[in-house]
Amino acid sequence: MAKLKLAVWKFASCDGCQLTLLDCEDELLEIAGALEIAQFLEATSAIDDGPYDISLVEGSITTAHDAERIRAIREKSKVLITIGACATAGGIQSLRNFADVEAFTSAVYAHPDFISTLKTSTAISDHVTVDFELRGCPVSKHQLLELITATLAGRMPRVPKVSQCTECKLNGTVCVMVAKGTPCLGPVTQAGCGNLCPAHGRGCYGCFGPKENPNPQALSAQLADLGMASRELRDFYRTFNAGAPAFAEESKSHE
Amino acid sequence: MSERILQVDALARVEGEGALYVRLKGDEIEKVEFRIFEPPRFFEAFLQGRDAHETPDITSRICGICPIAYIMSASQAVEQAAGVSVTPEIHELRRLIYCGEWIQSHVLHAAMLHAPDFLGLHDAIKIAEVNPDLVKTALRLKKIGNSLMEVVGGRSVHPVNTRVGGFYSAPDKAKVKALLPELEWGIAAAREVALAFAKFDFPDDEYDYHFVSLKHPDTYAICEGRLASNRGLDIAVSEFNDHFEEEHVARSNALHGRMRDGSAYLVGPLARYANNYAQLTDGAKETAALCGLGEVVRNPFKSILVRMVEVQYALEEAARIVRGYEEPRPAFVPVPPKAGEGHGCTEAPRGICYHSYKVDDDGRITHAQIVPPTSQNQPQIEADLTRVVAANRTMTDADLQWRCEQTIRNYDPCISCATHFLKLTVERV
């Protein structure tokens with residue numbers, strides 16, 4: 001059987017999620033043996049114009065050109081999977097969605113007229129059909145390997161949609177919010193990072209985005225009891241998954 | 001007069017998206033532009049009004065390859081604005097995780113992105129087909145850098161354990177000490193890879209660069225010292241804007257860094273090596289000598305060797321810190337909200353990364369400025385391209401294009417950092 005053709009694409013992002021693929025040092029040569037890497041600009045100058053069996057897409061849509069480019073990629077890809085918070089929710093750059101982008105441009109650039117950008121930073125699924133979304137800022141190496149293995153085997157990847165609280169319980173991590181009063185987004189955030197922040201004594205900051213059926217209103221009430229002001233609450237939901245609907249909506253209720 | 005047009009739509013093996021445009025009329029070079037048109041993400045703008053303590057985590061998302069550079073420069077700037085200094089133990093631990101970033105980023109670039117240029121191959125996977133042991137050694141080296149970042153920072157891309165004032169928790173002593181055997185293996189392995197790369201056929205090219213880097217009397221500067229150059233610059237980090245400026249040009253979404261007199265300068269491994277050679281370890285100096293490098297390297301194509309010398313240095317430095325490691329108590333110094341202005345500058349793998357913030361009484365950002373290394377190198381990259389095209393006009397289009405791409409990769413340009421799609425167009429009219 002011919003090897004499946006893999007393409008890796010980048011939109012507005014930091015490159016960290018594609019880097020996670022190159023960070024699979026123990027598995028990289030095996031992955032390269034199991035798949036044909038047809039397009040992966042960050043890693044190879046060999047370019048195959050497609051079509052592709054699997055496209056992994058990093059980054060969000062912030063320009064009219066990129067909105068067209070993702071549609072062309074979708075047409076050439078049997079399976080399209082988005083990787084990371086930029087691709088699944090618009091990323092940190094989606095903070096522009098809550099502000100005046102023209103003011104943003106002139107704050108950074110001396111000649112705003114040279115810059116062409118959309119008013120919003122949006123998820124790939126706002127533009128084309130996405131077959132699977134892998135969360136994280138960045139994605140987890142283990143989940144990425146599971147995704148590739150599952151896709152090669154033709155099954156759905158096993159990626160739990162439970163909360164970060166579940167990961168704390170499974171790892172025996174003491175609740176930072178109950179024990180120390182540290183504000184934590186764990187109750188509304190999807191698990192999968194490997195229980196990183198609470199295990200390091202800090203509150204979860206939501207880099208895997210909202211869990212399935214989250215209840216952020218209840219969490220906000222608890223956070224307010226811990227002493228967080230409205231502005232702090234608003235910013236707490238407004239980071240790397242600010243554009244995810246559950247977080248965006250909750251943040252607006254604290255404006 | 002001969003008319004030739006060369007065009008490449010995407011330059012590969014760089015981090016981010018950019019373009020190159022070269023136009024030749026006969027033997028005359030009409031235009032050389034290194035364009036960055038990765039879409040802008042407006043970090044400086046949306047930082048306004050945010051809590052200063054959020055700047056390390058938020059700015060780390062500028063770059064997944066060098067998050068520590070952003071975390072450390074931001075932390076330094078916010079600490080300075082509040083008038084707080086960290087303890088020597090915390091500073092040492094910051095150097096340790098920074099060594100991890102240098103190792104993984106340098107090995108990624110040297111072995112996987114840059115070495116293929118010298119071998120006429122498309123990628124490291126192709127190198128693995130002809131020299132599997134070299135690629136396996138490089139991957140193991142890269143993994144050491146990532147492991148170091150994971151043990152100290154929780155994960156290698158966007159670490160979570162770092163914060164303004166230090167670390168959320170002290171890395172576990174046993175886990176830190178357990179890194180030592182691999183670090184010791186890596187010191188010899190880095191030399192082995194450097195010597196393998198030293199056999200490459202390097203293009204003849206030399207330029208009298210203005211090398212700018214941090215400099216510290218006692219150590220090979222990473223996150224300490226003053227800004228210095230081979231032409232007598234010697235200033236405090238807080239004086240950055242008195243000597244450097246950023247220009248916004250129509251062709252690029254990154255600002256171009258220049259000296260106040262308009263001249264180009266170079267940041268990164270060649271600059272650090274030239275300015276701080278004396279502070280390298282004996283082992284790193286010996287590897288440099290075995291690779292045929294003098295105390296200053298002016299051939300930009302040999303930056304791949306200097307990167308490997310720095311990898312060895314970072315491994316030796318990490319091993320030193322690990323041997324003496326005791327869990328810092330406290331793991332962080334409190335940084336209460338206070339109005340002020342602060343500056344931070346550290347050596348990202350690609351060169352100095354400068355941050356400056358103004359903070360109000362509530363500890364919120366009122367002004368942010370971030371100057372990443374690649375935007376500073378952009379004018380020098382264009383100057384190098386002009387020189388390389390001029391010297392190689394007799395080459396075929398395909399060869400000249402390859403050489404131009406290689407010239408850009410000499411800088412390990414992090415276009416995501418500089419803001420970011422690389423398209424290469426060589427037009428001959």
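Lettering follows sequence order; numbering is per chain, from 1.
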Could you measure the distance from the [atom1] atom of [X] to the [atom2] atom of [Y]? Nearest 0.5 Å is fine.
| X | Y | atom1 | atom2 | answer |
| --- | --- | --- | --- | --- |
| Glu150(B) | Leu196(A) | CD | CG | 9.0 Å |
| Phe46(B) | Gln93(A) | CZ | CD | 7.0 Å |
| Asp362(B) | Glu232(A) | CG | CD | 9.5 Å |
| Leu47(B) | Ile92(A) | CG | CD1 | 8.0 Å |

Crowding at CD, Glu255(A) (>12 non-hydrogen neighbours, <6.0 Å)
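Count over threshold, so yes.
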Based on non-hydrogen pairs under 4.5 Å, which of [options] is most in contact with chain A?
| options | result |
| --- | --- |
| Ser156(B), Pro132(B), Ala368(B), Gly49(B) | Gly49(B) |
| Gln369(B), Arg364(B), His367(B) | Arg364(B) |
| His158(B), Arg155(B), Arg163(B) | Arg155(B) |
| Asn146(B), Ile125(B), Ile58(B) | Asn146(B) |

List the atom of Arg50(B), the atom of Asp235(A), and the distance in Å for their closest heavy-atom pair.
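So the minimum-distance heavy-atom pair works out to NH2-O, 3.1 Å.
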Is chain B contacted by the side chain of Phe240(A), its backbone, both, or neither, given a heavy-atom distance below 4.5 Å?
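Answer is side chain: those atoms of Phe240(A) sit under 4.5 Å from chain B.
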Got a donor-acceptor contact below 3.5 angstrom from the Arg61(B) side chain to the Cys137(A) backbone?
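The answer is yes, because a donor-acceptor pair under 3.5 Å joins these two groups.
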Derivation of the salt bridge (Lys or Arg N to Asp or Glu O under 4.0 Å) call for Arg202(A) and Asp57(B):
CA-CA 13 Å; Arg202(A) 79 180 282 191; Asp57(B) 288 332; 2.7 Å; yes
With a 4.5 Å cut-off on heavy-atom pairs, point out which of [options] contacts chain B the most.
| options | result |
| --- | --- |
| Asp23(A), Leu29(A), Leu19(A) | Asp23(A) |
| Pro138(A), Gly16(A), Gly91(A) | Pro138(A) |
| Thr20(A), Ile37(A), Leu22(A), Thr239(A) | Leu22(A) |

Candidates Arg140(B), Lys143(B), Lys136(B) - the one meeting side chain to side chain donor-acceptor pair (under 3.5 Å) with Asp26(A):
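Only one of Arg140(B), Lys143(B), Lys136(B) forms a side chain to side chain donor-acceptor pair (under 3.5 Å) with Asp26(A), namely Lys143(B).
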